[in-house]
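One structure below.
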Amino acid sequence: MNLVDRYTACWNETDPEARAKAVAELWTEDATYTDPLADVAGHAGIAAVIEGAQGMFPGLVFTAGDLYDAHHHTARFTWHLGPAGGEPVAVGFDVVELAADGRISKVLGFLDKVPAA
């Protein structure tokens with residue numbers, strides 16, 4: 001499973017214990033996550049942001065977008081949020097920094113398309 005698949009799997013995991021395990025496996029202990037709606041650090045903060053997103057968009061799933069590019073210890077990719085197999089209601093662009101062990105140490109997220117209020 002590649003980085004983006006593992007990343008979206010974390011965002012789709014609804015069981016709190018399984019989500020905490022997935023976050024710990026994918027992110028470093030001191031990882032940070034920043035996007036227009038959140039700025040958190042550590043596994044608990046990241047898991048809480050994921051839980052919050054699931055609460056705001058119940059039943060929707062994250063999937064990999066069309067863009068993936070990486071060099072050195074940095075990757076960028078797009079993602080979609082929407083009904084399974086349906087048109088996305090949100091589209092984002094994330095830039096991640098990877099630690100020496102391959103886990104994510106930093107995420108800078110951008111929202112390219114958001115649901116109309």
Side-chain angles (χ1 to χ4, degrees):
M1 186 180 298
N2 70 33
L3 174 68
V4 181
D5 291 337
R6 292 174 62 209
Y7 186 81
T8 56
C10 278
W11 283 86
N12 289 326
E13 181 55 65
T14 56
D15 176 80
E17 286 186 26
R19 181 174 47 245
K21 182 177 184 221
V23 167
E25 290 173 355
L26 187 58
W27 274 274
T28 61
E29 290 78 5
D30 60 348
T32 59
Y33 176 89
T34 305
D35 72 12
L37 306 174
D39 187 9
V40 298
H43 292 164
I46 293 165
V49 168
I50 293 170
E51 183 178 7
Q54 291 173 353
M56 287 174 36
F57 302 103
L60 300 184
V61 294
F62 288 89
T63 56
D66 299 329
L67 173 72
Y68 178 82
D69 189 23
H71 63 81
H72 297 88
H73 63 278
T74 307
R76 64 181 179 145
F77 55 87
T78 54
W79 52 263
H80 299 158
L81 173 65
E87 185 70 25
V89 298
V91 175
F93 181 101
D94 287 359
V95 176
V96 301
E97 283 186 19
L98 301 174
D101 67 3
R103 291 188 296 163
I104 296 171
S105 61
K106 178 189 273 187
V107 176
L108 299 173
F110 298 85
L111 302 175
D112 297 323
K113 174 185 174 184
V114 294

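Sequential numbering from 1 along the given sequence is applied to the chain's residues.
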Can you name the closest pair of heavy atoms from [X] and [Y] and give their distance?
| X | Y | answer |
| --- | --- | --- |
| P115 | A90 | CD-CB, 4.3 Å |
| L3 | A75 | CD2-CB, 4.1 Å |
| A41 | T32 | CB-CG2, 4.0 Å |
| A64 | V4 | CB-CG1, 3.5 Å |

* Please list, chain by chain and in numerical order, all residues satisfying side-chain contact (heavy atoms from CB on, under 4.5 Å) with K113, sequence neighbours excluded. => E87, V91
Please report the interatomic distance [atom1]([X]) to [atom2]([Y]), rounded to the nearest 0.5 Å.
| X | Y | atom1 | atom2 | result |
| --- | --- | --- | --- | --- |
| K106 | T74 | NZ | OG1 | 9.5 Å |
| N12 | D5 | CG | CG | 10.5 Å |
| I104 | T28 | CD1 | OG1 | 9.0 Å |

Should [X] and [Y] be counted in the same cluster of Ile, Leu, Val, Met, Phe, Trp and Tyr side chains packed under 4.5 Å apart?
| X | Y | answer |
| --- | --- | --- |
| V114 | Y33 | yes |
| V49 | L111 | yes |
| L108 | L26 | no |
| V107 | L37 | yes |
| F93 | L81 | no |

* Identified salt bridge (charged side-chain N to carboxylate O under 4.0 Å, His left out) counterpart of R103 within the set E25, E29, E97 -> E29
* To do: Determine, using ring centers only, whether Y7 and W27 are less than 6.0 Å apart.
  => yes
Donor-acceptor pairs are to be reported for all side-chain atoms of residues 50-63 against protein atoms at under 3.5 Å, with residues two or more places apart or in another chain.
{"unit_1": "Q54", "atom_1": "OE1", "unit_2": "R19", "atom_2": "NH1", "d": "3.0"}
{"unit_1": "Q54", "atom_1": "NE2", "unit_2": "W11", "atom_2": "O", "d": "2.9"}
{"unit_1": "Q54", "atom_1": "NE2", "unit_2": "E13", "atom_2": "O", "d": "2.8"}

* Single hit among D66, T8, D94 for side chain to side chain contact (heavy atoms under 4.5 Å, CB included) with F77 -> D94
